[in-house]
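To find a chain, count down the sequence lines: A is the first, B the second, and so on, and within it residues start at 1.
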Amino acid sequence: MKIAKLEIFDTLSESEKELDTSKKIRIYLCGVTVYDEAHIGHARTIIVFDVLRKFLESKENMVEFIQNFTDVDDKIIDRAQKEGATAYDISVRYIEEYFRDFDALNVKRATRYPKATEHIKDMIALIDSLVQKKIAYVSKNGVYFAVSRFSDYGKLSKKKIDDLISGSRVDVDETKNDPLDFALWKFSEESPLWDSPWGKGRPGWHIECSAMSIKYLGENFEIHGGGRDLIFPHHENEIAQSESFTSKPFAKIWMHVGMVTINGEKMSKSLGNIRTVKYVLQKYGPNIIRLFCLSGHYSKPIDYSEDLLKENIVKWRQVETCYYELLLAEGKNQSNPIGETVLQCSTEFDSALSNDFNTSLALTAFFKLVKEINRLAADELLSKSIAEKAFPELERMISVLGLAIPKITSDEINSINQLIKKRESLRQQKKYQEADNIREQISKMGIELIDHKNRTAWMKKEKIQSDIS
RNA sequence: GGUGAGGUGGCAGAGCGGUCAUGCGUGGGCCUGCAGAGCCUAUACAAGGGGGUUCGACUCCCUCCCUCACCUCCA
């Protein structure tokens, strides 16, 4: 079933804009510069877009999702020099690390991950066109985009050129015609470098996204996204380059994700307050991180704290319980006390996400269903037939949110069932100590028993290091 | 200084011109051999300050205060 109407707040027009879902939805997300470990700030942006994409796909939309790797950059070169490695070595290493982290976070791989270094020709072609149009000029240190030649400059970040100049902290560079002009191509004699019609060197940062998004998604695609901190100058410059090149509006919707803060301050390497994805993954696992990252509206900042992460452990346990209660439900029950709730929660879930992608409200709907199922389960009102109604919808929400229930094998199931039987008979004989020993034994397999009045259910618990219980 | 986003109960966090979600936490009770899960119930002056509009504002307008982000690289 397709979504009736999906609206996303567009930074450029400062209003909610309807996403055209009549055909393939093209999304370009500015990815990471691969010079170091990814942190939770990166993770939030990428998880938000991952859920957006999964939501769209769950609604039968075709999505083409492109996320770049910036693999040529001053930071990469610095890092390489420090380590006596090549820039290439560094970027290859951190791309590998990237996939290790984000596969573990259950992020679906993008349609493709273009790299800057593999698109030098496309960038040169774009720059060349701008030079021909006299929108870019060749100077002593490189090729620059002349901001004065693009009258809409500042439209995305709502900045006025005069304000930018007066408040500017940019180093005065006499070789530029205007302090605001930015580099499209930087001359250099040191590796990594490529030939260009203007001289050896490497591309500026912004041009890669213009070149690659246009190449893979066309000149006017649906959504261009990234962290809020990219609005200026990165996305502003992309607009200037791209629209000067194509003479068409660039992305239809600009979607920006709020920063992850820590003690109220932006998480960033330069402030030295980052928590790497690896660190948090090890302590909390992917599901807790995802619930945390989706707990507030994507456009607002979210403050990292271990207390909040821990709060999500409780919630995650409820999801696991719910999943297994449905999985193991048995027996017949004519009445269906849950059909309405399922439909209602499902509708609320979709409408929350359709209304500027409100994951916070969507989670409320999701947990409403989870709690209702758990309540029925506790009262032994779940039956196979009810489970069959609720399960697909629950699984759909779980998969849209990108959560992953720990898998269980049929061998495990068999041995668990046997142990439960044994424990049951011991309990009937009131041999509680022995029964508890078996519960302990099962618990070591990562299984928690849930005693109901007439039968014992169980669930497989994800191992979470920071879970005190 | 400029631009933008915010300030909601112990914490997190939505929506909304009128009945102020929801979750976590906390108190009491129930269920259980115990534990977990679950249930019932209670809990909070909730809205940064001050004006205004309105029959009525947390929600609209003005003003002041505060926080954060961007203006250099940044998701």
Base, sugar-phosphate, or nothing for [X], non-hydrogen atoms under 4.0 angstrom?
| X | answer |
| --- | --- |
| V257(A) | nothing |
| G258(A) | base |
| L361(A) | base |
| K315(A) | sugar-phosphate |
| Y432(A) | base |
| R427(A) | base |
| G264(A) | sugar-phosphate |
| R79(A) | nothing |

What integer distance in Å separates [X]:[atom1] from [N]:[atom2]?
| X | N | atom1 | atom2 | answer |
| --- | --- | --- | --- | --- |
| D36(A) | A75(B) | CG | P | 11 Å |
| L449(A) | G33(B) | CG | C1' | 15 Å |
| D379(A) | C30(B) | CG | P | 17 Å |
| I447(A) | A37(B) | CD1 | P | 17 Å |
| F366(A) | G23(B) | CZ | P | 14 Å |
| M267(A) | C73(B) | CE | C1' | 18 Å |
| Q429(A) | C34(B) | CD | C1' | 18 Å |
| F292(A) | G23(B) | CZ | C1' | 15 Å |

More than 12 non-hydrogen atoms from neighbouring residues, nucleotides or ligands closer than 6.0 Å to [atom1] on [X], yes or no?
| X | atom1 | answer |
| --- | --- | --- |
| E340(A) | CD | no |
| K389(A) | NZ | no |
| Y88(A) | OH | no |
| Q344(A) | CD | yes |

In terms of the nearest nucleotide of RNA chain B, which residue is placed more toward the 5' end: N374(A) or K160(A)? K160(A)
Mapping Y298(A) and H234(A) onto RNA chain B by nearest heavy atom, which one lands closer to the 5' end? Y298(A)
Compare all side-chain heavy atoms of I447(A) with those of L419(A) and state whether any distance is below 4.5 angstrom. no
For RNA chain B, what is the dot-bracket line, given that a base pair needs Watson-Crick (N1 to N3, plus N6-O4 or O6-N4) or G-U wobble (N1-O2 and O6-N3) geometry with both distances under 3.5 Å, and | means paired with another strand? (((((((..(((.....[...)))((((((.......))))))....(((((..]....))))))))))))....
Considering only heavy atoms and no angle criterion, is a donor-acceptor pair shorter than 3.5 Å present between the side chain of [X] and the base of [N]?
| X | N | result |
| --- | --- | --- |
| R375(A) | G38(B) | no |
| D451(A) | A35(B) | yes |
| K159(A) | C71(B) | no |
| N358(A) | G15(B) | no |

Check the angle between the aromatic planes of H224(A) and H235(A) and answer parallel, tilted or perpendicular using the 30° and 60° thresholds. perpendicular
Over 60° means perpendicular and under 30° means parallel, so classify the ring planes of F357(A) and F55(A), tilted if in between. tilted
With respect to the side chain of [X], which nucleotide from [options] is positioned closest?
| X | options | value |
| --- | --- | --- |
| K266(A) | A75(B), C34(B), A37(B) | A75(B) |
| K453(A) | C31(B), A75(B), G33(B) | C31(B) |
| M259(A) | A35(B), A75(B), C71(B) | A75(B) |
| T321(A) | C34(B), A75(B), A37(B) | A37(B) |

Please confirm whether the backbone N or O of [Y] pairs with a side-chain atom of [X], one donor and one acceptor, at under 3.5 Å?
| X | Y | result |
| --- | --- | --- |
| R53(A) | F65(A) | no |
| N287(A) | L403(A) | no |
| D10(A) | S15(A) | no |
| D356(A) | N358(A) | no |

Using the [atom1] atom in both, what is the distance from [N] to [M], to the nearest Å?
| N | M | atom1 | answer |
| --- | --- | --- | --- |
| U63(B) | G4(B) | P | 14 Å |
| G23(B) | A14(B) | P | 16 Å |
| C30(B) | C65(B) | C1' | 49 Å |
| A37(B) | C24(B) | P | 11 Å |
| G10(B) | A46(B) | C1' | 12 Å |
| G7(B) | U59(B) | P | 11 Å |
| G38(B) | A44(B) | C1' | 24 Å |
| G49(B) | U8(B) | C1' | 15 Å |

Do Y284(A) and F292(A) have ring centroids that are under 6.0 Å from one another? no
Checking side-chain contact (heavy atoms from CB on, under 4.5 Å) for the pair N273(A)/Y304(A): CA distance, chi angles, key distance, verdict? CA-CA 11 Å; N273(A) 60 0; Y304(A) 175 96; over 6 Å; no
Can you find a side chain N or O atom of [X] that sits less than 4.0 Å from OP1 or OP2 on [N]?
| X | N | result |
| --- | --- | --- |
| Q67(A) | A75(B) | no |
| K371(A) | C24(B) | yes |
| N312(A) | C24(B) | no |
| Q318(A) | G23(B) | no |

For RNA chain B, find the residues of residues 271-282 of chain A with a heavy-atom distance under 4.0 Å and give them by number; none if there aren't any. none
Pairs under 3.5 Å (N/O, protein and nucleotides 4-13 of chain B):
unit_1 : atom_1 : unit_2  : atom_2 : d
G13(B) : O2'    : S360(A) : OG     : 3.0

I'd like to know whether F9(A) forms a ring-ring contact (aromatic ring centres under 6.0 Å, His included) with Y298(A), so could you lay out the CA-CA distance, the side-chain angles of the two residues, the decisive distance to 0.1 Å, and finally the verdict. CA-CA 11 Å; F9(A) 186 86; Y298(A) 73 84; 8.6 Å; no
Classify the side-chain pair E37(A)/T276(A) by whether it contains a donor and acceptor separated by less than 3.5 Å. no
